[in-house]
Amino acid sequence: MAMPQLQTALAELGLKKYRAKQIFDWLYRKCVFDFAQMSNIGKAERELLQEKFSVLPAEVNTVRKLDSSDGLTRKLLLELSDGNAVETVLMHHDYGYSVCVSSQAGCDMHCAFCASGLNGAIRNLSVAEILAQVYVFNQELVSREERVSRIVVMGSGEPMLNFDAVFGALQFLHEPDGANISYRNMTVSTCGIIPGIQRMQELGLPISLAVSLHAVRMELRNELMPVNKGYPFPDVIAAAEQYARSSGRQVTYEYILLKDKNDSDRDAELLAEYLRYKQAGVNLIPVNPVPEKGFFRPDKKRIEKFLSVLQKHHVHATIRKEMGKDINAACGQLRAAFAKEKNYAE
Ligand code: SAH
């Protein structure tokens with residue numbers, strides 16, 4: 001609930017309007033998710049709140065918690081009320097803390113290299129379920145007087161297919177009463193659902209757009225990302241470029257490097273042809289091998305050569321800084337393993 005909704009709901013229960021502000025303060029500033037501990041609210045009212053409302057981060061069950069050996073990445077697998085599980089990842093950068101949230105439980109896009117669709121059912125997450133992925137971490141950070149300051153919607157799922165909940169959650173996180181995170185510190189990544197990019201443009205918020213491109217040859221992209229058959233990549237690039245123009249934000253193109261598939265000099269040249277003179281940057285991601293899928297990572301020399309070809313053609317490109325590889329931080333791997341174990345157990 002946003003503040004006005006909570007105020008109305010409280011009024012209907014005969015509670016004072018200012019209680020809503022107090023509750024927001026407990027929930028989103030102090031990260032106290034238990035009404036019983038909200039000490040500036042009377043006992044009878046606390047009991048009424050307890051009976052009428054639930055606070056999601058208090059109810060999700062952390063079924064796995066993994067820390068990377070460098071201590072910079074923490075990954076949680078959260079079990080939701082229906083037994084589905086989602087991954088959420090906290091990363092500590094020199095500029096602060098960012099969280100990578102999932103937008104759906106599972107994924108329906110069937111990208112050939114991705115683990116998100118491997119096991120388990122797929123469904124949209126609610127606004128609350130997306131917010132819970134951020135607030136579980138804020139609760140851990142609060143004692144250090146730290147907070148999450150950056151959100152990337154790059155976990156499992158296709159955000160544009162759960163548009164209302166994803167952007168609803170981001171708008172909540174932007175609110176000063178919510179998490180006060182600037183839109184400029186939020187990024188939504190899509191496999192290329194054009195109507196979603198257009199809706200994002202209509203929203204008119206300076207949220208960054210990332211596009212998972214991964215191939216610039218039609219046949220190969222069809223094979224790697226079946227979504228390309230419905231939304232061919234040149235049209236996706238055109239829609240993203242329009243977004244860049246209207247938002248003033250540079251678009252990031254994600255390009256996974258797959259050994260002997262999309263990592264040749266010719267591929268780099270083609271990529272440069274598409275992106276040159278655009279408000280675009282390329283983020284090269286050496287693939288996280290998913291054993292079930294049979295994809296491998298090119299060697300370091302090949303990766304650097306690919307980068308240098310892009311740079312030679314004046315395309316701004318970087319190699320993704322890897323975090324948390326030792327804790328399976330890539331895309332649905334933990335969730336898939338959990339769903340598999342659960343299936344065996346059942
Ligand atoms: N559905 C959205 C967001 C989720 S995926 C999208 O497609 O953009 C986030 C990013 O991780 C995407 O670029 C996706 O292609 C990439 N990814 C998926 N599997 C991967 C793997 N095994 N190794 C590296 N990146 C992967």
Side-chain angles (χ1 to χ4, degrees), residues 75 86-89 91 98-119 122 124-125 130 133 151-163 165-167 170 186-194 196-197 200 207-216 220-221 223-228 230-231 233 236-237 239-240 243 251-259 261-263 271 281-298 303 318-337:
K75 181 171 203 170
V86 288
E87 296 177 12
T88 178
V89 186
M91 288 161 285
S98 72
V99 172
C100 175
V101 298
S102 297
S103 55
Q104 299 179 307
C107 189
D108 219 8
M109 296 289 97
H110 304 290
C111 295
F113 42 78
C114 180
S116 292
L118 277 183
N119 293 304
I122 138 112
N124 277 339
L125 298 180
I130 296 169
Q133 297 174 56
I151 307 288
V152 292
V153 187
M154 283 191 191
S156 290
E158 171 45 49
M160 298 305 188
L161 298 181
N162 187 17
F163 193 96
V166 166
F167 287 88
L170 296 181
M186 300 180 184
T187 301
V188 173
S189 175
T190 178
C191 62
I193 309 285
I194 294 173
I197 298 174
M200 191 173 162
I207 296 174
S208 300
L209 174 68
V211 172
S212 298
L213 195 55
H214 306 331
V216 280
L220 178 62
R221 196 166 189 267
E223 177 194 323
L224 295 175
M225 302 179 71
V227 67
N228 193 61
Y231 300 111
F233 72 87
V236 176
I237 294 174
Y243 183 77
V251 172
T252 301
Y253 290 91
E254 296 155 278
Y255 194 98
I256 298 184
L257 288 166
L258 305 161
K259 186 176 163 60
K261 281 270 177 192
N262 67 353
D263 63 342
L271 180 58
V282 175
N283 201 201
L284 297 173
I285 311 168
V287 69
N288 282 300
V290 178
E292 292 90 330
K293 304 281 188 171
F295 289 106
F296 302 95
R297 180 176 279 214
I303 295 171
T318 51
I319 297 175
R320 162 86 44 102
K321 183 179 166 215
E322 280 194 278
M323 299 185 80
K325 196 154 67 88
D326 59 334
I327 55 166
N328 273 355
C331 314
Q333 292 179 341
L334 192 60
R335 174 180 180 273

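Just so you know, these numbers come straight off a predicted model, no measurement behind them. One-based numbering, in listed order, for ligands and for the atoms of each. Start at 1 with the first residue, then count along the sequence.
- Atoms CD and CD1, from Gln104 and Ile122 in turn, are 4.0 Å apart once rounded to the nearest 0.5 Å.
- Shown here are the ring pair (Phe, Tyr, Trp, His ring centres under 6.0 Å) partners of Phe163, two or more places apart in sequence or in another chain: Phe167.
- The ligand atoms of ligand 1 that sit less than 4.0 angstrom from a heavy atom of Phe113 are 15 (O), 18 (C), 19 (N), 20 (C), 21 (C), 22 (N).
- Under the 3.5 Å distance criterion, the side-chain polar atoms of Asn162 are left unmatched by any main-chain donor or acceptor of Asn124.
- The part of Glu254 lying near ligand 1 is the side chain, judged by heavy-atom distances below 4.0 Å.
- For ligand 1 and Cys191, the ligand atoms under 4.0 Å from any heavy atom of the residue are 6 (C), 7 (O), 8 (O).
- Applying the 4.0 Å criterion to heavy atoms of Val287 picks out, from ligand 1, the atoms 21 (C), 22 (N), 23 (N).
- Heavy atoms of Gly157 approach ligand 1 to within less than 4.0 angstrom.
- Within the 4.0 Å heavy-atom criterion, the part of Ile256 lying near ligand 1 is the side chain and not the backbone.
- Under the 3.5 Å distance criterion, with hydrogens and angles disregarded, a donor-acceptor pair is assigned to the side chains of Asn283 and Thr318.
- The ligand atoms of ligand 1 that sit less than 4.0 angstrom from a heavy atom of His214 are 13 (O), 14 (C), 15 (O).
- Of the heavy atoms in Thr190, only backbone atoms (N, CA, C, O) come closer than 4.0 Å to ligand 1.
- Using a 4.0 Å cut-off to heavy atoms of Cys114, the atoms of ligand 1 that qualify are 18 (C), 19 (N).
- In the candidate list Met225, Arg320, Met154, Met154 is nearest to atom 9 (C) of ligand 1, counting heavy atoms.
- No N or O atom of Gly155 sits closer than 3.5 Å to an N or O atom of ligand 1.
- To the nearest 0.5 angstrom, Ser98 atom OG is 9.5 Å from Met154 atom CE.
- Of the possible polar contacts, one joining the Arg297 side chain to the Pro286 backbone as a donor-acceptor pair under 3.5 Å is found.
- Taking the six-membered ring wherever Trp is involved, the centroid distance between the rings of His214 and Tyr253 does not fall below 6.0 Å.
- Residues meeting the side chain to side chain donor-acceptor pair (under 3.5 Å) test with Ser189, sequence neighbours left out: Glu254.
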